[in-house]
Amino acid sequence: MSIQKEFVLRYRVDGHVRFQIPARICNVDVAKAVTDGISGIDGVYRVNLYRSQQKIIYSFRGICL
């Protein structure tokens, strides 16, 4: 299975999303790279990756594509 299919949307409202993420994304170095990458998207103002809970939450303004 491709890694993209392992991300499960758990919650979504305007400006806020939460995903269940695969365990292999929770490695310290990978988690930092993913968090930094999402933070670099225009409009994203908060990213939290909870490694022990295998989830990522981010908040944004406007449309982030």
Side-chain angles (χ1 to χ4, degrees):
M1 178 186 309
S2 71
I3 195 164
Q4 293 91 342
K5 292 180 181 179
E6 295 180 46
F7 282 74
V8 178
L9 179 65
R10 293 292 184 197
Y11 183 76
R12 179 183 67 186
V13 295
D14 289 341
H16 182 87
V17 290
R18 181 175 66 226
F19 290 92
Q20 186 74 36
I21 59 175
R24 59 187 169 191
I25 299 299
C26 296
N27 169 285
V28 173
D29 296 328
V30 176
K32 172 99 171 91
V34 168
T35 301
D36 290 348
I38 293 172
S39 294
I41 299 171
D42 286 339
V44 173
Y45 64 90
R46 182 182 311 130
V47 179
N48 297 101
L49 192 148
Y50 299 95
R51 293 177 30 235
S52 64
Q53 297 174 7
Q54 291 183 253
K55 69 180 177 181
I56 190 166
I57 301 167
Y58 64 93
S59 301
F60 56 91
R61 291 183 185 93
I63 299 173
C64 297
L65 300 176

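Only heavy atoms go into these numbers, but all of them, side chains included; no hydrogens, no water, no symmetry mates. For clarity, every value in this text was computed on a predicted model and none was experimentally measured.
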- Message: Applying salt bridge (Lys or Arg N to Asp or Glu O under 4.0 Å) as the test, list every pair that has at least one member in residues 7-20; sequence neighbours left out.
- Response: none
- Query: Any chain of hydrophobic side-chain contacts (each under 4.5 Å) joining Val47 to Val8?
  - Reply: no
- Taking only residues at least two apart or on different chains, which pairs with a member in residues 17-57 satisfy ring pair (Phe, Tyr, Trp, His ring centres under 6.0 Å)? none
- For Val13, the hydrophobic cluster (side chain heavy atoms closer than 4.5 Å, chained through members) also holds Tyr11
- Got a second to check how far Lys55's NZ is from Leu49's CG, nearest 0.5 Å? 10.5 Å
- Item | Euclidean distance, Tyr58 OH relative to His16 NE2, rounded to 0.5 Å | 10.5 Å
- Pairing residues for Gln54 by the side-chain contact (heavy atoms from CB on, under 4.5 Å) criterion, not counting sequence neighbours: Gln20, Ile21, Ala23, Cys26
Throw together a table of side-chain donor-acceptor distances under 3.5 angstrom for residues 27-38, partners on residues two or more places apart or in other chains.
from	atom 1	to	atom 2	distance (Å)
Asn27	OD1	Asp29	N	2.9
Asn27	OD1	Val30	N	3.3
Lys32	NZ	Asp36	OD1	3.2
Lys32	NZ	Asp36	OD2	2.9
Thr35	OG1	Ala31	O	2.8

- Quick one: does Ile3's side chain get under 4.5 Å of Arg24's, heavy atoms only? yes
